[in-house]
Amino acid sequence: AVAVVAAAATTAAVVVLSVGSTTGSDVPVIRLAMVADKGSSDRCGGEDWLAIRNTGAAAASIAGYKLSDGKGLGDEDAFTFPAGAEVAAGATVVLCRGAEGSFAFKIGGDDTVSLHSPDDAVLDTTTLADDGALDKVWTRGAGGVWGYVVHSTTAPPTNTATTPNA
């Protein structure tokens with residue numbers, strides 16, 4: 001069961017987007033995919049958000065995985081995914097800052113965001129280039145190269161799970 005769920009599409013803690021699988025033997029199955037340090041007009045009520053992607057061909061448990069900003073795992077706002085949390089094969093999960101069941105740390109323009117395993121090893125990390133703006137999102141592109149992409153407003157995904165917002 002997926003324990004990480006969302007509220008309404010624009011204020012969701014987590015929005016599950018279906019994407020094509022990009023499997024590869026030399027990359028982690030769970031990866032950071034996008035970081036919005038200035039928010040977006042189409043999701044999360046304008047709050048910071050980030051996305052993780054399962055690049056594997058099967059669902060992956062993320063129970064015990066952790067997210068941190070540049071302050072690291074010792075900071076009180078570091079986030080740990082709850083028991084039962086998983087990401088479907090080829091899916092991207094969007095987490096909204098401050099929403100129920102999501103991370104609390106604020107993402108700065110030149111912040112570092114890291115994804116950690118349950119034993120605290122860094123699985124993936126990125127440092128923003130301090131050029132974000134509303135709808136301008138730090139995004140992992142082809143070949144794993146990060147850069148800013150302007151995202152336009154889109155309809156909410158059709159496979160969104162919901163719970164009340166905190």
Exercise. Linking I/L/V/M/F/W/Y whenever any side-chain heavy atoms sit under 4.5 Å apart, do Val149 and Trp49 land together?
Worked result: no
Keeping the roles fixed (side chain from [X], backbone from [Y]), state whether a donor-acceptor pair exists under 3.5 Å.
X: Arg97; Y: Ala104; value: yes
X: Arg140; Y: Met34; value: no
X: Ser102; Y: Glu100; value: no

Exercise. Which of these passes side chain to side chain contact (heavy atoms under 4.5 Å, CB included) with Ile62: Ile30, Thr80, Asn54?
Worked result: Ile30
For this session: Check each of Leu50, Asp69, Leu67 against Phe79 using the side chain to side chain contact (heavy atoms under 4.5 Å, CB included) test, and report the only one that passes.
Result: Leu67
Anything under 3.5 Å between a donor and an acceptor, one on a side chain of residues 125-132, the other on a protein residue two or more places apart or in another chain? List them.
residue : atom : partner : partner atom : Å
Thr125  : OG1  : Val113  : O            : 3.3
Thr125  : OG1  : Ser114  : OG           : 2.7
Thr126  : OG1  : Trp138  : NE1          : 2.7
Thr127  : OG1  : Thr112  : OG1          : 2.7
Asp131  : OD2  : Lys136  : NZ           : 2.8

Exercise. Any chance the side chains of Thr55 and Arg31 put a donor and an acceptor closer than 3.5 Å?
Worked result: no
Could you grab the distance from atom [atom1] of [X] to atom [atom2] of [Y], nearest 0.5 Å is fine?
X: Glu86; Y: Tyr65; atom1: CD; atom2: OH; answer: 12.0 Å
X: Asp42; Y: Asp135; atom1: CG; atom2: CG; answer: 6.5 Å
X: Ser68; Y: Asp111; atom1: OG; atom2: CG; answer: 9.0 Å

For this session: Using a strict cut-off of less than 4.0 Å between a Lys/Arg side-chain nitrogen and an Asp/Glu carboxylate oxygen, indicate whether Lys106 and Asp48 qualify as a salt bridge.
Result: yes
For this session: Please tell me if the side chains of Tyr148 and Val137 come closer than 4.5 Å, counting only heavy atoms from C-beta onward.
Result: no
Problem set entry | Contact check, side chains of Val122 and Leu115, non-hydrogen atoms, under 4.5 Å | no
Problem set entry | With sequence neighbours excluded, residues passing salt bridge (charged side-chain N to carboxylate O under 4.0 Å, His left out) with Lys66 | Asp120
